[in-house]
K.L.:
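Have a look at this one.
Here the structure is a predicted model, which is why all the values come from computation and not from measurement.
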Amino acid sequence: MSTSSPNTKINQAEINDLLKREFHFRLDENVAMIQKIIRPSVDFHNRELILHEERDLKGICFYTEGLVNTGHIEKILKSLMIFSPQIEGNLLGPHLAEKLKIHLMLNTGVKIISKVQQGVDAILSGDTLLLLDRCEKALVVSTKGWDARAVAEPETEAVVRGPRDGFTEDIRTNTAHVRRRIRDPLLTFDSMVIGTKTKTDINIGYIQGTVKEGLVEEVKKRLQRIEIDAVLESGYIEELIEDAPLSPFPTVLCTERPDKVASVLLEGRVAIFVDNTPFVLIVPTFFWQFIQASDDYYNRYWVGTFFRIIRYIAFLISLVLPSIYVMLVSFHQEMIPTTLAFTIASGREVVPFPVLVEALVMEIAFELMREAGLRMPKPIGSAVSIVGSLVVGQAAVQAGIVSPFMVIVVALTGIASFAIPNYAASFSIRVLRFPLLIASGTLGLLGFAVVFFAIVIHALSIRSFGEPYLAPATPFVPSDQKDIVIRTPWWSMKQRPQLAQGDPQRLGDDQMPSPPKATPGTNNDKTKKSKKTRMWRRD
């Protein structure tokens, strides 16, 4: 093998000009163009080969080490160098590339191209470019084979009961996860590339006939409008396509669970897969989806409903508990029971700060501990959490900086924020907590009411890809209320959500399970039938 090493300098304008060209009839001209565009690098290789010695027909392969599977490269070289001398001379005329593809290539993914831009993109994405002498076309052979992380359990969306597989950084592995769950020929993945420098692969997944009419076109329109040099994570795409970019509420749901993506596709939504990230975007997104967890649907309905209500309570505690405490202690002591008011007052005797300052200090200290514990390596992060909790929980109280009641309020608020399943939603709630806290500590009930209703009105006004953010609560859709605050049994959710198109029926009729009507001690027909079924299963 040899490595290209031209020393001539070339500017971006000249590179752009070369990329727009088509391949030349002469092999040396094509090789010179490729070597001018892709600068000398230790991982950039080429391999020369002779296809037909009698006719002096040569070729050359370009590939990037580390991105290719060397076994696939060897398969290409073997088929070309061993079998090409045996082919008839009449195969080596015009349309040489087509004939090689049909008669010699053993690889499954082979594409004929004519533009230099396509060849360079193929080399840099892990495919192999084969240039042929006396041929104006080139072959791109699929040889991608870089190291990838094994499938593992999602770290941000753990479940007690449910599948343990999560998305990885490889986009094709991620689409395969969804395809395994939905074996419907109408499941479609459309492809596009975004990023002038990174050329990141984007796949748009949806089910034809189920997805809402016009939604896929709207998603493609927003993605095609993006002009950016690099896309390193799906967060880049999320910020560029969401409806309310200035809102604290996330209007695009991201997940690393394949079962969640499969479920939303069946409800008529669209999934956006981005290469090199395990997080898949889902649009449109409603507020209630951030409170729901996957195992709500895998446990019995009353278990799922109970824990979903617990999460709604956690949401309210995380948002308003510190504000209500500060508001009552600062302005409305008459609303606190007398005994409790005396207890709070005795705990705050030695605290030199107002309640609002005390709350802000504790909230900021808690966020500092959380951030430090998250960024540090796991063994050190746990130590930081222990030291922080001792300092904030005990030493700060003994030093008279904060009161014991404030420690309880902030600790309960922090635990409640961790009960929200989606990380983006819990972060938004933590941010919204601060304006509520400041308004309650300065204006009392009036400030709390103004800011709280401003948040509610804002949530009512925003949309996600044209759909109301708080739907189906507002606007109220009676048939979709079976999966919002409570989760009714599967046999009662016969209809698909209003967002889905096509056949609205999700379940057949009479799906509620019931035991057979048998009389104890009698040998009726149903009992015989069940015995036959058990015997058949044993066989």
Side-chain angles (χ1 to χ4, degrees), residues 1-6 10 14-41 43-53 55-85 87 89-146 191 193 199 201:
M1 297 185 182
S2 61
T3 305
S4 58
S5 58
I10 184 169
E14 292 173 311
I15 291 177
N16 293 337
D17 179 60
L18 291 174
L19 289 173
K20 294 176 182 175
R21 296 185 184 181
E22 295 192 347
F23 286 112
H24 198 270
F25 186 74
R26 295 178 53 185
L27 178 62
D28 55 348
E29 291 282 344
N30 294 332
V31 172
M33 281 195 294
I34 295 295
Q35 291 181 338
K36 280 183 180 177
I37 295 170
I38 303 178
R39 305 306 300 161
S41 177
D43 59 343
F44 177 51
H45 292 279
N46 60 60
R47 175 69 161 84
E48 297 178 2
L49 63 157
I50 297 176
L51 295 173
H52 204 287
E53 193 166 7
R55 291 179 175 252
D56 192 26
L57 182 64
K58 298 179 181 177
I60 186 168
C61 289
F62 286 97
Y63 60 93
T64 305
E65 187 179 7
L67 296 181
V68 299
N69 185 324
T70 54
H72 293 166
I73 300 281
E74 291 169 358
K75 189 186 295 182
I76 298 171
L77 297 176
K78 180 180 178 180
S79 60
L80 291 175
M81 299 181 73
I82 295 179
F83 298 112
S84 62
I87 62 177
N90 57 7
L91 289 177
L92 303 178
H95 311 294
L96 174 61
E98 290 86 348
K99 292 174 181 176
L100 285 181
K101 176 184 175 182
I102 295 172
H103 294 280
L104 292 182
M105 287 295 174
L106 302 179
N107 299 67
T108 54
V110 182
K111 186 169 60 176
I112 298 174
I113 61 171
S114 58
K115 294 185 178 298
V116 176
Q117 174 80 65
Q118 295 173 302
V120 172
D121 290 344
I123 297 171
L124 299 178
S125 63
D127 290 332
T128 297
L129 176 67
L130 173 61
L131 298 175
L132 304 167
D133 196 12
R134 285 170 274 167
C135 182
E136 294 178 342
K137 300 289 181 61
L139 291 170
V140 170
V141 187
S142 177
T143 56
K144 293 185 178 71
W146 53 77
S191 174
V193 175
K199 299 186 187 305
D201 290 322

K.L.:
If I compare all heavy atoms of Asp201 with all of Val193, which pair ends up nearest, and what's the gap?
P.N.:
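Closest approach of Asp201 to Val193, heavy atoms only: OD1-CG2, 3.6 Å.
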K.L.:
Measuring only between side-chain heavy atoms, which start at C-beta, is His45 closer than 4.5 Å to Phe62?
P.N.:
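His45 does not reach Phe62 side chain to side chain.
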K.L.:
Check whether any side-chain N or O of Asn30 sits under 3.5 Å from a backbone N or O of His24 as a donor-acceptor pair, and report yes or no.
P.N.:
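It does hold such a pair.
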K.L.:
Should Lys199 and Leu124 be marked as a side-chain contact (heavy atoms from CB on, under 4.5 Å) after you check the CA-CA gap, both sets of side-chain angles, and the distance that decides it?
P.N.:
CA-CA 10 Å; Lys199 299 186 187 305; Leu124 299 178; over 6 Å; no
K.L.:
Kindly compute the distance separating CG (Leu49) from CG (Leu77), expressed to the nearest 0.5 Å.
P.N.:
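CG of Leu77 is found 6.5 Å from CG of Leu49.
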K.L.:
What's the shortest heavy-atom distance between Ile113 and Gln118, and which atoms?
P.N.:
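Here Ile113 and Gln118 meet closest at CB-OE1, 3.5 Å.
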K.L.:
What are the two closest heavy atoms between Ser125 and Trp146, and how far apart are they?
P.N.:
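That would be O-CZ3, 3.4 Å.
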K.L.:
Of all the heavy-atom pairs spanning Met33 and Val116, show the shortest one and how long it is.
P.N.:
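Taking Met33 first and Val116 second, the nearest heavy atoms are CE-CG2, 3.9 Å.
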K.L.:
Which value, rounded to the nearest 0.5 Å, describes the distance between Ile38 atom CD1 and Asp43 atom CG?
P.N.:
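Answer for the CD1-CG pair, Ile38 versus Asp43, is 10.0 Å.
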K.L.:
Tell me, yes or no, whether the heavy-atom count around Lys137 atom NZ, taken from other residues, nucleotides or ligands under 6.0 Å, exceeds 12.
P.N.:
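No, because the 6.0 Å sphere around NZ of Lys137 holds 12 heavy atoms or fewer from other groups.
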K.L.:
Measure the spacing between CD1 of Ile60 and CD of Gln35 and express it to the nearest 0.5 Å.
P.N.:
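Answer for the CD1-CD pair, Ile60 versus Gln35, is 6.5 Å.
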K.L.:
Given the rule in the side-chain contact (heavy atoms from CB on, under 4.5 Å) test, do Leu131 and Ile34 qualify, once you have shown the distances and angles that lead to the verdict?
P.N.:
CA-CA 10 Å; Leu131 298 175; Ile34 295 295; 4.2 Å; yes
K.L.:
For the atom pair CG (Leu19) and NZ (Lys115), what is the distance rounded to the nearest 0.5 Å?
P.N.:
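That separation rounds to 11.5 Å.
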K.L.:
Could you pull out the closest heavy-atom pair between Phe23 and Ala138, with the gap in Å?
P.N.:
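Looking at all heavy atoms of both residues, the shortest contact is CE1-CB, 3.8 Å.
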K.L.:
Could you measure the distance from the CZ atom of Arg47 to the SG atom of Cys61? Nearest 0.5 Å is fine.
P.N.:
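Going from CZ on Arg47 over to SG on Cys61, the span is 8.5 Å.
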K.L.:
Is atom NZ of Lys144 surrounded by more than 12 heavy atoms (other residues, nucleotides or ligands) closer than 6.0 Å?
P.N.:
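Correct, the count exceeds 12.
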K.L.:
How close do Ile76 and Thr143 get, heavy atom to heavy atom, and via which atoms?
P.N.:
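Closest approach of Ile76 to Thr143: CD1-CG2, 3.8 Å.
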K.L.:
Where the side chain of Thr128 meets the backbone of Val140, is there a donor-acceptor pair that is under 3.5 Å apart?
P.N.:
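Judged by distance alone, no pair lies under 3.5 Å.
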K.L.:
Starting from the C-alpha separation in whole Å, work towards a yes-or-no answer on side-chain contact (heavy atoms from CB on, under 4.5 Å) for Glu98 and Ile112.
P.N.:
CA-CA 7 Å; Glu98 290 86 348; Ile112 298 174; 3.5 Å; yes
K.L.:
Using side-chain heavy atoms (C-beta onward) and a distance below 4.5 Å, is Leu139 in contact with Lys101?
P.N.:
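Side-chain contact under 4.5 Å: yes.
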K.L.:
Rounded to the nearest 0.5 Å, what separation is found between the NE2 atom of His72 and the OG atom of Ser142?
P.N.:
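Atom-to-atom, His72:NE2 and Ser142:OG are 7.5 Å apart.
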K.L.:
For the residue pair Ile15 and Ile37, establish whether any side-chain heavy-atom pair is separated by less than 4.5 Å.
P.N.:
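Yes, side chains in contact.
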